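One structure is given below, encoded as structure tokens.
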Amino acid sequence: MADDEQDSKEYRWETGYEKTWEAIKEDEDGLVEGLVAEFAQKAARKAVVARRGPVRLGMMRHVLVAVDCSEAMNSQDLKPSRFLCTLKLLEKFIEEYFDQNPLSQLGLVLMKNKRAEKLTELSGNVRKHIKSLQGLTDMALSGEPSLQNTLEFAGRVLKPLPGHASRELLVLFASLTTCDPGDITATIQSLKTEGIRCSVIGLAAEVRICKKLCQDTGGEYGVVLDDVHYRSLLLEYTSPPPRARALDAGLVKMGFPHSAPPVNQTDPGANADPPITVCMCHLEDGEGVGGEGHLCPQCRSKYCSLPAQCRTCGLTLASAPHLARSYHHLFPVEPYEELANEGQAQYCFACLRNFTDLDKQVYRCTRCHEFYCWECESVVSTTLHVCPGCSSRPHLYQRLPDAS
Ligand SMILES: [Zn+2]
Ligand SMILES: [Zn+2]
Ligand SMILES: [Zn+2]
Ligand SMILES: [Zn+2]
């Protein structure tokens with residue numbers, strides 16, 4: 001019954017005038033506390049999708065994000081406008097992307113006046129991407145975008161990259177038309193044979209060519225309903241995709257640079273004037289002379305931030321915590337069982353809070369069988385990525401894949 005009612009009013013304007021205050025009902029004591037707690041719990045609970053078995057993931061990613069800068073981005077169905085909303089969400093996306101994929105790279109492309117224009121190079125420099133995005137707010141939006149030119153551009157940038165990396169294009173597409181110089185199906189075909197994964201987030205409606213592009217290249221296609229949905233579509237894209245068959249699995253040579261340059265201990269006078277060093281990633285800006293940095297173990301060129309790819313010798317530079325941060329994708333926490341609170345447990349195993357009548361649900365780990373409150377459940381599944389109960393039991397914590 002309840003489901004039927006939900007389906008029949010798909011849009012807000014179809015439901016007519018909603019008396020939202022009637023949804024709030026008092027309990028026997030005349031309090032609304034229980035109901036408010038239930039609302040909060042429902043809002044916090046995200047549907048956790050269980051990943052089936054150990055899957056190979058594309059952990060090293062090279063993602064190009066193409067932003068539509070056509071007239072259609074002026075529309076105000078997202079607040080304050082589609083374009084400003086996109087910029088705001090993209091900033092969040094970039095931070096989250098580098099947090100989840102510390103070994104990956106990202107580049108930004110603008111689709112304006114039937115051309116694809118590079119905004120930032122493929123790099124792992126978070127500050128640079130965000131700074132360039134923030135400079136876009138006053139840009140005039142006019143003309144039509146060209147999907148084909150964007151695809152061609154992505155092909156040119158991504159094709160020379162090594163085959164062990166997952167190469168992806170994400171298009172944020174608001175326009176319903178694309179103005180192309182040639183046959184777009186040929187371009188899609190060439191991307192498909194190269195194994196470049198293209199995904200599109202549509203801001204207006206489903207467009208057939210976008211759907212075909214995503215289906216053919218193994219990407220995902222989503223159309224946003226509102227800004228909250230837009231945000232969740234973008235953030236979904238931050239977790240590494242299952243590895244496509246076309247990619248080869250290779251061993252990548254990596255360097256782990258030391259933070260401080262070697263200091264001359266025997267002669268204190270030599271320390272007064274440290275050698276003048278120039279940061280390689282800030283070379284063209286004329287900044288980054290002197291100061292602390294990380295030295296490439298192979299050619300000793302200096303970088304102010306990690307991870308980076310050495311510009312001189314091509315070595316991938318990372319630090320061990322970067323590798324550790326990618327680890328949880330390979331061994332994700334299994335989602336907890338959601339049970340109605342019938343007094344199975346006195347208190348939450350993680351935060352030791354006593355369960356009260358306000359807790360409508362309790363969560364149980366299927367491995368260690370401990371009970372958790374809804375707040376701890378969301379922290380474990382979104383941030384911690386380790387079950388506190390399992391991690392205190394060594395035989396459960398060694399999460400070896402099943403032999404069967
Ligand atoms: Zn630098
Ligand atoms: Zn080097
Ligand atoms: Zn708890
Ligand atoms: Zn557990």
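Ligands are counted one by one from 1 in listed order, and the atoms in each one are counted from 1 as well. Just so it is clear, the structure is predicted and the values come from calculations on it, not from any experiment.
With the Zn ion (ligand 2) at the apex, Cys313 SG and Cys310 SG define an angle of roughly 100° (rounded to 10 degrees). Rounded to the nearest 10 degrees, the angle SG (Cys368) to the Zn ion (ligand 4) to SG (Cys387) equals 110°. Around the Zn ion (ligand 3), the angle linking Cys348 (SG) with Cys351 (SG) is 110°, rounded to 10 degrees. Angle SG (Cys373) to the Zn ion (ligand 3) to SG (Cys376): 100°, rounded to 10°.
Distance check for His369 against the Zn ion (ligand 4): none of its N/O/S atoms falls below 2.8 Å.
The minimum heavy-atom distance between Leu203 and Arg82, with the atom names listed, is O-NH2, 3.9 Å. Nearest heavy-atom pair across Asp227 and Leu78 is N-CD2, 3.7 Å.
Looking only at atom types and distance, the side chain of His329 has no donor-acceptor partner in the side chain of Ser326 under 3.5 Å away.
Within 6.0 Å of the CG atom in Asp357, the count of heavy atoms belonging to other residues, nucleotides or ligands does not exceed 12.
In this structure, the ring of Phe371 has its center no less than 6.0 angstrom from the ring center of Tyr363.
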